[in-house]
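Inspection log for the structure reproduced underneath, given as structure tokens.
Index from 1, following the sequence.
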Amino acid sequence: MFKTNCTILSNFIFLGFAHYPKVEIIIFMLCLLMYLITLLGNIILISISILDTHLHTPMYFFLSNLSFLDIWYTSSALTPMLVNFVSGRNTISFSGCAVQMYFSLAMGSTECVLLSMMAYDRYVAICNPLRYPIIMNRRVCAHISAGSWVTGCLTALVETISVLQLSLCGNNIINHFTCEILAVLKLVCVDTSMVEFLMLVISILLLPMPMLLICISYGFILSNILRISSVDGRSKAFSTCAAHLTVVVLFYGTALSMYLKPSAVDSQEIDKFMALLYVVLTPMLNPIIYSLRNKEVKMAVKRLMIRNSFCALLFPVANNLDQH
């Protein structure tokens with residue numbers, strides 16, 4: 001448990017959006033709606049990717065990973081906030097705070113790596129289509145996915161342990177709606193320079209570097225698109241790339257502004273609203289932009305609906321034959 005000079009803290013109190021009582025109910029309703037949309041969209045995408053054999057490709061393998069990750073990411077940060085708002089209790093135990101901090105960091109860090117690997121996958125598919133099945137085979141995809149998860153989980157474990165072993169000053173009020181690591185770090189009364197340096201190194205590895213890889217990949221992709229002679233094909237490719245880059249910029253932009261901003265800039269209220277963007281908005285947009293607007297997914301949905309309708313018609317006929 002967090003140790004102080006006099007006592008041992010066993011729980012924390014979330015301040016949340018108590019400074020904005022008039023908009024707190026609006027924030028709750030919006031977060032609840034967006035959370036339900038996130039769950040529905042990502043569950044549908046995972047189900048379609050598993051049930052339809054036409055989607056058993058590297059792209060939809062990574063998208064299923066992203067959807068599964070987003071469900072855990074949003075749930076770990078948002079579910080306690082929604083429950084606390086309904087129950088009227090804004091407290092969390094030490095162990096609950098530790099678990100929430102770890103899962104939020106692990107899922108966020110994994111997504112940083114996974115998004116860059118997905119950009120590389122699109123680069124190979126568009127710029128080297130003939131070699132794509134060889135380069136992105138099942139073994140490579142499995143290694144990339146496992147590497148992303150291991151990297152995210154290990155870095156999160158290092159960050160969580162480094163913060164939880166520090167001593168607090170007796171203040172157990174977290175000025176946030178979740179056990180966000182920077183908000184908890186503000187309660188520490190000892191020197192945090194080593195922890196902050198460690199977090200800076202990890203943030204550089206997980207934010208600017210993957211984003212640089214994404215920019216390079218999409219740079220080659222756009223260069224290849226410009227060579228397309230068909231106007232319709234070029235506009236479609238530009239539209240897809242623009243949608244993907246919108247999500248990337250939104251996710252990495254908010255994360256960069258949170259974790260790599262100058263130490264002189266400190267606005268906890270702005271940080272809370274920025275956190276809502278990458279905790280709630282980005283996971284909701286991912287299945288919509290990456291997949292649910294694609295023709296392949298729409299065709300997969302139609303095939304599944306036709307298959308289910310056929311089965312529904314076939315079973316009553318089979319039952320009638322058995323009865324006769």
Legend entry - Gap separating the OG atom of S217 from the CG atom of L222, nearest 0.5 angstrom: 11.0 Å
Legend entry - Heavy-atom side-chain contact between Y123 and N128 under 4.5 Å: yes
Inset, instruction - Tell me, with the steps shown, if R138 and F61 meet side-chain contact (heavy atoms from CB on, under 4.5 Å). - result: CA-CA 10 Å; R138 289 187 177 182; F61 171 74; over 6 Å; no
Inset, instruction - Say whether M81 and I26 are linked into one hydrophobic cluster, either directly or through other cluster members, by side-chain heavy-atom distances under 4.5 angstrom. - result: yes
Inset, instruction - Decide whether T178 and Q100 meet the rule of one side-chain donor and one side-chain acceptor closer than 3.5 Å. - result: yes
Legend entry - Closest non-hydrogen atom pair between E111 and D70, with its separation: OE1-OD1, 2.7 Å
Inset, instruction - Could you tell me whether the side chain of T192 and the main chain of V195 form a donor-acceptor pair under 3.5 Å? - result: no
Legend entry - Closest non-hydrogen atom pair between I174 and C179, with its separation: CD1-SG, 4.0 Å
Legend entry - Under 3.5 Å: donor-acceptor pair, side chain of S223, backbone of G219: no
Legend entry - Whether over 12 other heavy atoms sit under 6.0 Å from F220 CZ: no
Legend entry - Hphob cluster co-occupancy, L78 + M29, side-chain heavy atoms under 4.5 angstrom: yes
Legend entry - F177 vs N84 side-chain heavy atoms within contact, under 4.5 Å: no
Inset, instruction - Treat each ILVMFWY residue as a node, draw an edge where side-chain heavy atoms are under 4.5 Å apart, and state whether L256 and I216 are in one component. - result: yes
Inset, instruction - Identify the two heavy atoms, one from S162 and one from Q165, that lie closest to each other, and give their separation to 0.1 Å. - result: O-CG, 3.5 Å
Inset, instruction - Compare every heavy atom of S64 with every heavy atom of S49, then report the nearest pair and how far apart it is. - result: CB-OG, 3.2 Å
Inset, instruction - Using the side-chain contact (heavy atoms from CB on, under 4.5 Å) rule, take T38 and I71 through it: C-alpha gap first, then chi angles, then the decisive distance, then the call. - result: CA-CA 7 Å; T38 299; I71 290 173; 5.5 Å; no
Inset, instruction - Starting at CD1 of I202, measure out to CD of E159 and round the result to the nearest 0.5 Å. - result: 4.0 Å
Legend entry - Nearest-0.5 Å distance that lies between atom NE2 in H54 and atom OH in Y60: 12.5 Å
Inset, instruction - Output yes when a side-chain donor or acceptor of T160 lies under 3.5 Å from a complementary backbone atom of L157, and no otherwise. - result: no
Legend entry - Sidechain-backbone polar pair: S76 side chain, Y73 backbone, donor-acceptor under 3.5 Å: yes
Inset, instruction - Quick one: closest heavy-atom pair of A106 and C153, and the distance? - result: CB-CA, 4.1 Å
Inset, instruction - List the steps and the verdict of side-chain contact (heavy atoms from CB on, under 4.5 Å) for T151 and L206. - result: CA-CA 9 Å; T151 301; L206 294 178; 4.2 Å; yes
Inset, instruction - Compare all side-chain heavy atoms of L182 with those of H176 and state whether any distance is below 4.5 angstrom. - result: no
Inset, instruction - Return yes if some donor-acceptor pair links the side-chain N/O of N42 with the main-chain N/O of L39 below 3.5 Å, else return no. - result: no
Legend entry - Rounded distance [0.5 Å steps], CD1 in I46 versus CG in L66: 9.5 Å
Inset, instruction - Could you tell me which non-hydrogen atom of I135 sits nearest to which non-hydrogen atom of V140, and how far apart they are? - result: O-CG2, 3.5 Å
Inset, instruction - Using atom types as modelled and distance alone, determine if a side-chain donor or acceptor of S67 lies under 3.5 Å from a backbone N or O of I43. - result: no
Inset, instruction - Begin with the C-alpha distance, continue with both residues' side-chain angles, and end with the deciding distance and a verdict on side-chain contact (heavy atoms from CB on, under 4.5 Å) for F62 and I144. - result: CA-CA 9 Å; F62 291 129; I144 289 175; 3.8 Å; yes
Inset, instruction - Report, as yes or no, whether the 6.0 Å neighbourhood of atom CH2 on W149 holds more than 12 heavy atoms from other residues, nucleotides or ligands. - result: yes
Legend entry - Min side-chain heavy-atom separation S75-F103 under 4.5 Å: no
Inset, instruction - Decide whether N65 and S145 meet the rule of one side-chain donor and one side-chain acceptor closer than 3.5 Å. - result: yes
Inset, instruction - Indicate if I161 and Y102 have the same hydrophobic cluster label, given that clusters are the connected sets of ILVMFWY residues with side-chain heavy-atom separations under 4.5 angstrom. - result: yes
Inset, instruction - Find out whether K186 and N175 are in side-chain contact, i.e. whether some heavy atom of one side chain is under 4.5 Å from a heavy atom of the other. - result: no
Inset, instruction - Would you give the length of the straight line joining atom CD1 of I214 to atom CE of M118, rounded to the nearest 0.5 angstrom? - result: 9.0 Å
Inset, instruction - Please examine the side chains of V86 and L82, heavy atoms only from C-beta on, and report whether any two atoms are closer than 4.5 Å. - result: no
Legend entry - Side-chain donor or acceptor of Y252 paired with backbone N/O of C112 under 3.5 Å: yes
Legend entry - Within-4.5 Å side-chain heavy-atom neighbours: L213 and M117: yes
Legend entry - I13 backbone acceptor or donor facing T91 side chain under 3.5 Å: no
Inset, instruction - Kindly work out whether a path of hydrophobic side-chain contacts (I/L/V/M/F/W/Y, heavy atoms less than 4.5 Å apart) joins V150 to L115. - result: no
Inset, instruction - Scan side-chain atoms only and decide if T79 and Y35 contain a donor-acceptor pair under the 3.5 Å cut-off. - result: yes
Legend entry - L36 side, atom CG; C31 side, atom SG - distance, nearest 0.5 Å: 11.0 Å
Legend entry - Heavy-atom side-chain contact between L187 and F12 under 4.5 Å: yes
Legend entry - Donor-acceptor contact below 3.5 Å, side chain H56 vs main chain I50: yes
